[in-house]
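Below, read A as the first sequence line, B as the second, and so on, with proteins coming before strands; counting in each chain starts at 1.
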Amino acid sequence: MKELNNFKMVIPSKSSNESFARVAVAAFVSQLDPTIEEITDIKTAVSEAVTNCIVHAYKDTIGKIYITVSIREENKVIVKIKDKGCGIEDVKKAMEPLFTTAGEERAGLGFAVMQSFMDNVRVTSKVGKGTTVTMTKTLSRREDEK
Amino acid sequence: MSVRIEVCGEVVTAYLQGELDHHTAREMREEIDAAIDRNMPTLLVLDFKDITFMDSSGIGLVMGRYRKLQQIKAELHITNTSPHIYKVMKLAGLERLAKIDKGVKANERAK
Ligand SMILES: Nc1ncnc2c1ncn2[C@@H]1O[C@H](COP(=O)(O)OP(=O)(O)OP(=O)(O)O)[C@@H](O)[C@H]1O
Ligand SMILES: [Mg+2]
(Lines give C-alpha, C1' and ligand atoms only; values in the text may rest on other atoms or scores of the structure.)
(Ligands and ions follow the chains in the order given, each with its own letter.)
Protein backbone atom coordinates (compact mmCIF):
# COMPACT_ATOMS: atom_id res chain seq x y z
CA MET A 1 0.00 0.00 0.00
CA LYS A 2 1.25 3.45 -0.88
CA GLU A 3 2.93 5.45 1.85
CA LEU A 4 1.42 8.86 2.43
CA ASN A 5 3.65 10.17 5.19
CA ASN A 6 6.38 9.03 7.53
CA PHE A 7 8.32 10.04 10.58
CA LYS A 8 11.57 8.85 12.09
CA MET A 9 13.28 9.56 15.36
CA VAL A 10 16.19 8.25 17.37
CA ILE A 11 16.26 8.64 21.14
CA PRO A 12 18.59 7.42 23.87
CA SER A 13 17.20 4.63 26.04
CA LYS A 14 16.46 6.80 29.08
CA SER A 15 13.29 6.10 30.99
CA SER A 16 12.48 9.81 30.95
CA ASN A 17 11.94 9.41 27.17
CA GLU A 18 9.14 6.83 27.52
CA SER A 19 6.48 9.49 27.83
CA PHE A 20 7.96 11.61 25.03
CA ALA A 21 8.15 8.67 22.61
CA ARG A 22 4.51 7.66 22.94
CA VAL A 23 3.28 11.25 22.82
CA ALA A 24 5.36 12.00 19.71
CA VAL A 25 3.99 8.96 17.87
CA ALA A 26 0.44 9.85 18.94
CA ALA A 27 0.88 13.43 17.73
CA PHE A 28 2.05 12.23 14.32
CA VAL A 29 -0.79 9.73 13.97
CA SER A 30 -3.35 12.36 14.99
CA GLN A 31 -3.39 13.67 11.38
CA LEU A 32 -5.62 10.67 10.62
CA ASP A 33 -8.20 11.97 13.09
CA PRO A 34 -8.20 8.82 15.24
CA THR A 35 -10.63 8.23 18.07
CA ILE A 36 -9.36 8.77 21.62
CA GLU A 37 -9.46 5.03 22.13
CA GLU A 38 -7.31 4.39 19.05
CA ILE A 39 -4.77 7.00 20.16
CA THR A 40 -4.60 5.51 23.66
CA ASP A 41 -4.15 2.03 22.21
CA ILE A 42 -1.24 3.19 20.05
CA LYS A 43 0.35 5.13 22.92
CA THR A 44 0.15 2.08 25.15
CA ALA A 45 1.67 -0.25 22.56
CA VAL A 46 4.51 2.20 21.84
CA SER A 47 5.13 2.58 25.55
CA GLU A 48 5.48 -1.20 25.89
CA ALA A 49 7.94 -1.57 23.04
CA VAL A 50 10.05 1.44 24.05
CA THR A 51 10.12 0.35 27.68
CA ASN A 52 11.33 -3.08 26.60
CA CYS A 53 14.28 -1.46 24.82
CA ILE A 54 15.15 0.44 27.99
CA VAL A 55 14.57 -2.36 30.51
CA HIS A 56 15.74 -5.39 28.53
CA ALA A 57 17.65 -4.55 25.34
CA TYR A 58 19.94 -1.97 26.94
CA LYS A 59 19.71 -3.31 30.48
CA ASP A 60 22.95 -1.90 31.86
CA THR A 61 23.76 0.66 29.20
CA ILE A 62 22.23 3.53 27.29
CA GLY A 63 21.72 2.75 23.61
CA LYS A 64 19.75 4.16 20.73
CA ILE A 65 16.08 3.43 20.09
CA TYR A 66 14.96 3.86 16.47
CA ILE A 67 11.30 4.69 15.98
CA THR A 68 9.65 4.86 12.56
CA VAL A 69 6.00 5.58 11.86
CA SER A 70 4.53 5.15 8.42
CA ILE A 71 1.07 6.22 7.37
CA ARG A 72 -0.28 4.25 4.43
CA GLU A 73 -3.37 4.45 2.30
CA GLU A 74 -6.66 3.39 3.85
CA ASN A 75 -5.78 4.67 7.32
CA LYS A 76 -3.11 2.11 8.00
CA VAL A 77 -0.43 2.93 10.56
CA ILE A 78 2.83 1.02 10.84
CA VAL A 79 5.05 1.62 13.87
CA LYS A 80 8.52 0.14 14.00
CA ILE A 81 10.61 0.19 17.16
CA LYS A 82 14.14 -1.08 16.85
CA ASP A 83 17.10 -1.49 19.18
CA LYS A 84 20.64 -2.76 18.82
CA GLY A 85 20.63 -4.32 22.27
CA CYS A 86 21.01 -7.84 23.65
CA GLY A 87 18.39 -9.50 21.46
CA ILE A 88 15.93 -12.27 22.36
CA GLU A 89 16.90 -15.92 22.29
CA ASP A 90 13.43 -17.41 21.91
CA VAL A 91 10.95 -14.86 20.55
CA LYS A 92 7.98 -17.22 20.68
CA LYS A 93 8.55 -17.89 24.37
CA ALA A 94 9.21 -14.20 25.14
CA MET A 95 5.83 -13.32 23.65
CA GLU A 96 3.90 -15.73 25.85
CA PRO A 97 1.78 -13.89 28.42
CA LEU A 98 3.42 -13.72 31.88
CA PHE A 99 6.85 -14.66 30.58
CA THR A 100 9.45 -12.27 31.97
CA THR A 101 13.17 -12.31 32.62
CA ALA A 102 12.99 -9.20 34.78
CA GLY A 103 11.74 -10.43 38.15
CA GLU A 104 9.15 -9.30 40.67
CA GLU A 105 8.03 -5.89 39.48
CA ARG A 106 7.38 -6.80 35.85
CA ALA A 107 4.23 -8.64 34.82
CA GLY A 108 5.47 -10.18 31.58
CA LEU A 109 2.51 -8.72 29.73
CA GLY A 110 4.10 -6.13 27.45
CA PHE A 111 3.80 -8.21 24.28
CA ALA A 112 0.27 -9.28 25.25
CA VAL A 113 -0.71 -5.61 25.57
CA MET A 114 0.86 -4.79 22.18
CA GLN A 115 -0.99 -7.69 20.56
CA SER A 116 -4.30 -6.82 22.08
CA PHE A 117 -4.11 -3.08 21.30
CA MET A 118 -2.71 -3.31 17.76
CA ASP A 119 -3.97 -5.37 14.79
CA ASN A 120 -0.69 -7.12 14.21
CA VAL A 121 2.68 -7.41 16.00
CA ARG A 122 5.78 -8.90 14.43
CA VAL A 123 9.04 -9.40 16.31
CA THR A 124 12.39 -10.21 14.77
CA SER A 125 15.45 -10.56 16.94
CA LYS A 126 19.00 -11.77 16.95
CA VAL A 127 21.00 -12.39 20.10
CA GLY A 128 23.76 -9.80 20.42
CA LYS A 129 22.39 -7.80 17.48
CA GLY A 130 19.06 -6.42 18.58
CA THR A 131 15.31 -6.56 18.21
CA THR A 132 12.73 -5.01 15.90
CA VAL A 133 9.06 -4.80 16.79
CA THR A 134 6.72 -3.91 13.93
CA MET A 135 3.12 -3.13 14.80
CA THR A 136 0.28 -2.22 12.49
CA LYS A 137 -3.17 -0.83 13.09
CA THR A 138 -5.86 0.24 10.66
CA LEU A 139 -7.85 3.12 12.08
CA SER A 140 -11.58 3.45 11.69
CA ARG A 141 -12.63 6.01 9.14
CA ARG A 142 -14.83 8.46 10.89
CA GLU A 143 -16.50 9.81 7.78
CA ASP A 144 -17.84 6.28 7.26
CA GLU A 145 -19.53 6.39 10.63
CA LYS A 146 -21.77 9.28 9.78
CA MET B 1 4.12 14.01 44.42
CA SER B 2 2.71 11.11 42.46
CA VAL B 3 0.89 9.48 45.38
CA ARG B 4 -1.28 10.93 48.13
CA ILE B 5 -1.79 8.60 51.09
CA GLU B 6 -4.81 8.65 53.36
CA VAL B 7 -5.07 6.48 56.46
CA CYS B 8 -8.41 5.71 58.08
CA GLY B 9 -8.25 3.08 60.81
CA GLU B 10 -6.97 -0.10 59.20
CA VAL B 11 -7.56 1.15 55.67
CA VAL B 12 -4.81 2.81 53.66
CA THR B 13 -5.90 4.59 50.48
CA ALA B 14 -3.29 5.57 47.91
CA TYR B 15 -4.46 8.17 45.39
CA LEU B 16 -2.20 7.74 42.37
CA GLN B 17 -1.56 10.73 40.14
CA GLY B 18 -0.23 11.32 36.63
CA GLU B 19 1.13 8.80 34.16
CA LEU B 20 1.94 5.29 35.34
CA ASP B 21 4.79 3.83 33.30
CA HIS B 22 8.16 2.26 33.99
CA HIS B 23 9.66 5.71 34.59
CA THR B 24 7.15 6.75 37.26
CA ALA B 25 6.30 3.35 38.77
CA ARG B 26 9.30 3.19 41.07
CA GLU B 27 8.49 6.32 43.03
CA MET B 28 4.83 5.30 43.36
CA ARG B 29 5.85 1.84 44.51
CA GLU B 30 8.20 3.21 47.16
CA GLU B 31 5.59 5.56 48.55
CA ILE B 32 2.88 2.91 48.67
CA ASP B 33 5.20 0.35 50.28
CA ALA B 34 6.33 2.86 52.90
CA ALA B 35 2.67 3.49 53.77
CA ILE B 36 2.00 -0.25 54.03
CA ASP B 37 5.01 -0.78 56.30
CA ARG B 38 4.10 2.17 58.48
CA ASN B 39 0.41 1.35 58.93
CA MET B 40 0.08 -2.43 58.46
CA PRO B 41 -3.43 -2.06 57.00
CA THR B 42 -5.98 -4.84 56.54
CA LEU B 43 -7.10 -3.17 53.33
CA LEU B 44 -5.22 -1.17 50.71
CA VAL B 45 -7.25 0.88 48.24
CA LEU B 46 -5.49 1.99 45.07
CA ASP B 47 -7.36 4.91 43.51
CA PHE B 48 -6.73 5.41 39.76
CA LYS B 49 -8.97 8.44 39.27
CA ASP B 50 -6.09 10.80 38.45
CA ILE B 51 -4.02 8.35 36.43
CA THR B 52 -3.98 9.69 32.89
CA PHE B 53 -2.03 6.85 31.27
CA MET B 54 -1.07 3.31 32.24
CA ASP B 55 0.82 0.47 30.56
CA SER B 56 1.94 -2.93 31.84
CA SER B 57 4.20 -1.25 34.39
CA GLY B 58 0.94 -0.48 36.21
CA ILE B 59 0.07 -4.17 36.18
CA GLY B 60 3.48 -4.93 37.70
CA LEU B 61 2.84 -2.33 40.35
CA VAL B 62 -0.55 -3.80 41.29
CA MET B 63 0.70 -7.42 41.28
CA GLY B 64 3.72 -6.49 43.40
CA ARG B 65 1.53 -4.74 45.99
CA TYR B 66 -0.86 -7.70 45.97
CA ARG B 67 2.02 -10.03 46.87
CA LYS B 68 3.21 -7.72 49.61
CA LEU B 69 -0.30 -7.50 51.07
CA GLN B 70 -0.66 -11.27 51.06
CA GLN B 71 2.27 -11.48 53.48
CA ILE B 72 0.32 -9.45 56.05
CA LYS B 73 -3.03 -11.03 55.08
CA ALA B 74 -4.43 -7.74 53.85
CA GLU B 75 -6.83 -7.17 50.96
CA LEU B 76 -6.53 -5.03 47.87
CA HIS B 77 -9.21 -2.90 46.23
CA ILE B 78 -8.83 -0.92 43.04
CA THR B 79 -11.13 2.03 42.35
CA ASN B 80 -11.93 4.62 39.69
CA THR B 81 -10.45 2.85 36.69
CA SER B 82 -11.06 4.56 33.36
CA PRO B 83 -12.15 2.32 30.45
CA HIS B 84 -8.55 2.24 29.21
CA ILE B 85 -7.08 1.28 32.58
CA TYR B 86 -9.79 -1.31 33.09
CA LYS B 87 -8.98 -2.80 29.70
CA VAL B 88 -5.30 -3.20 30.63
CA MET B 89 -6.17 -4.67 34.05
CA LYS B 90 -8.69 -7.08 32.53
CA LEU B 91 -6.06 -8.31 30.09
CA ALA B 92 -3.86 -9.15 33.07
CA GLY B 93 -6.70 -10.86 34.93
CA LEU B 94 -6.29 -8.51 37.88
CA GLU B 95 -9.95 -8.89 38.76
CA ARG B 96 -8.98 -12.28 40.14
CA LEU B 97 -6.61 -10.66 42.64
CA ALA B 98 -8.54 -7.60 43.66
CA LYS B 99 -11.98 -6.09 43.66
CA ILE B 100 -12.07 -3.51 40.85
CA ASP B 101 -14.58 -0.67 40.87
CA LYS B 102 -14.92 1.00 37.52
CA GLY B 103 -14.83 4.75 37.54
CA VAL B 104 -17.96 6.69 38.29
CA LYS B 105 -17.89 10.06 36.63
CA ALA B 106 -18.01 12.98 39.04
CA ASN B 107 -21.15 14.41 37.47
CA GLU B 108 -22.95 11.06 37.69
CA ARG B 109 -21.98 10.75 41.31
CA ALA B 110 -23.50 14.13 42.11
CA LYS B 111 -26.95 13.05 40.90
N1 LIG C 1 13.71 -5.25 23.05
C2 LIG C 1 14.02 -6.35 23.76
N3 LIG C 1 15.30 -6.78 23.87
C4 LIG C 1 15.61 -7.87 24.60
N5 LIG C 1 14.69 -8.63 25.25
C6 LIG C 1 13.40 -8.26 25.17
C7 LIG C 1 12.98 -7.12 24.43
N8 LIG C 1 11.63 -7.01 24.52
C9 LIG C 1 11.23 -8.04 25.28
N10 LIG C 1 12.28 -8.82 25.68
C11 LIG C 1 12.20 -10.08 26.47
O12 LIG C 1 10.86 -10.57 26.39
C13 LIG C 1 10.30 -10.71 27.70
C14 LIG C 1 8.82 -10.42 27.66
O15 LIG C 1 8.57 -9.06 27.34
P16 LIG C 1 7.21 -8.37 27.84
O17 LIG C 1 7.23 -6.95 27.46
O18 LIG C 1 6.06 -9.20 27.36
O19 LIG C 1 7.28 -8.54 29.43
P20 LIG C 1 8.21 -7.76 30.47
O21 LIG C 1 8.84 -6.58 29.82
O22 LIG C 1 9.13 -8.74 31.08
O23 LIG C 1 7.16 -7.28 31.57
P24 LIG C 1 6.11 -6.06 31.40
O25 LIG C 1 6.17 -5.58 29.99
O26 LIG C 1 4.77 -6.64 31.74
O27 LIG C 1 6.53 -5.02 32.37
C28 LIG C 1 11.13 -9.79 28.58
O29 LIG C 1 11.11 -10.17 29.93
C30 LIG C 1 12.51 -9.89 27.95
O31 LIG C 1 13.17 -11.05 28.39
MG1 LIG D 1 7.74 -5.21 28.72
| said: Are B:I32 and B:V11 linked, directly or through intermediate hydrophobic residues, by side-chain heavy-atom contacts shorter than 4.5 Å (ILVMFWY only)? | reply: no

| field | Working for side chain to side chain contact (heavy atoms under 4.5 Å, CB included), residues B:D21 and A:T51 | value | CA-CA 8 Å; B:D21 61 11; A:T51 302; 5.6 Å; no

| Non-hydrogen atoms of A:A107 and B:G60 that approach each other most closely | CB-N, 4.1 Å

| field | Separation of A:F117 CZ from B:H84 NE2 (nearest 0.5 Å) | value | 5.5 Å

| said: Using side chain to side chain contact (heavy atoms under 4.5 Å, CB included), reason through A:E18 and B:H22 one step at a time and then give a plain yes or no. | reply: CA-CA 8 Å; A:E18 289 161 8; B:H22 158 254; 2.5 Å; yes

| query | Roughly how far, to the nearest 0.5 Å, is the OG1 atom of A:T44 from the NZ atom of B:K87? | reply | 8.0 Å

| Say you draw a straight line from CZ of A:R106 to CD1 of B:I59; how long is it, rounded to the nearest 0.5 Å? | 11.0 Å

| query | Take atom CD in B:Q70; do more than 12 heavy atoms of anything else shown fall under 6.0 Å from it? | reply | yes

| request: Write down the atom of B:S56, the atom of A:V113, and the distance for their closest heavy-atom approach. | output: CB-CG2, 4.4 Å

| message | One pair to check against side chain to side chain contact (heavy atoms under 4.5 Å, CB included): A:S19 and B:H23. What are the steps and the verdict? | response | CA-CA 8 Å; A:S19 173; B:H23 181 67; over 6 Å; no

| query | Checking side chain to side chain contact (heavy atoms under 4.5 Å, CB included) for the pair B:E19/A:R22: CA distance, chi angles, key distance, verdict? | reply | CA-CA 12 Å; B:E19 300 191 312; A:R22 63 182 178 254; 2.9 Å; yes

| note | CD (A:E105) and OG (B:S57) are apart, to the nearest 0.5 Å, by 10.0 Å

| field | A:K14, part contacting chain B, at a heavy-atom distance under 4.5 Å | value | neither

| field | Spacing of A:T40 atom OG1 and B:F53 atom CZ [to the nearest 0.5 Å] | value | 8.5 Å

| Should B:V7 and B:Y15 be counted in the same cluster of Ile, Leu, Val, Met, Phe, Trp and Tyr side chains packed under 4.5 Å apart? | no

| query | Is the shortest distance from a Lys or Arg side-chain nitrogen in A:E104 or B:K68 to a carboxylate oxygen in the other one below 4.0 Å? | reply | no

| field | Same apolar cluster: A:I71 and A:L139, side chain cutoff 4.5 Å | value | yes

| task | Using the rule that two of Ile, Leu, Val, Met, Phe, Trp, Tyr join whenever any of their side-chain heavy atoms come within less than 4.5 Å, decide whether A:L4 and A:I78 are in one cluster. | result | no

| query | With hydrophobic residues grouped by side-chain heavy-atom distances under 4.5 Å, do A:M114 and A:Y66 end up in a single group? | reply | no

| request: Look at atom CD of B:E10 and say whether more than 12 heavy atoms of other residues, nucleotides or ligands are closer to it than 6.0 Å. | output: no

| said: Counting only non-hydrogen atoms closer than 4.5 Å, does B:R26 touch chain A with its backbone (N, CA, C, O), its side chain (CB onward), both, or neither? | reply: neither

| message | With rounding to the nearest 0.5 angstrom, report the CE to CG distance, B:M63 to A:L109. | response | 6.0 Å

| said: What part of A:D41 gets within 4.5 angstrom of chain B, counting heavy atoms only: side chain, backbone, both, or neither? | reply: side chain

| task | Kindly check if the number of other-residue, nucleotide or ligand heavy atoms within 6.0 Å of CD (A:E37) is above 12? | result | no

| field | Side chain, backbone, both or neither of A:S47 within contact of chain B (heavy atoms, under 4.5 Å) | value | both

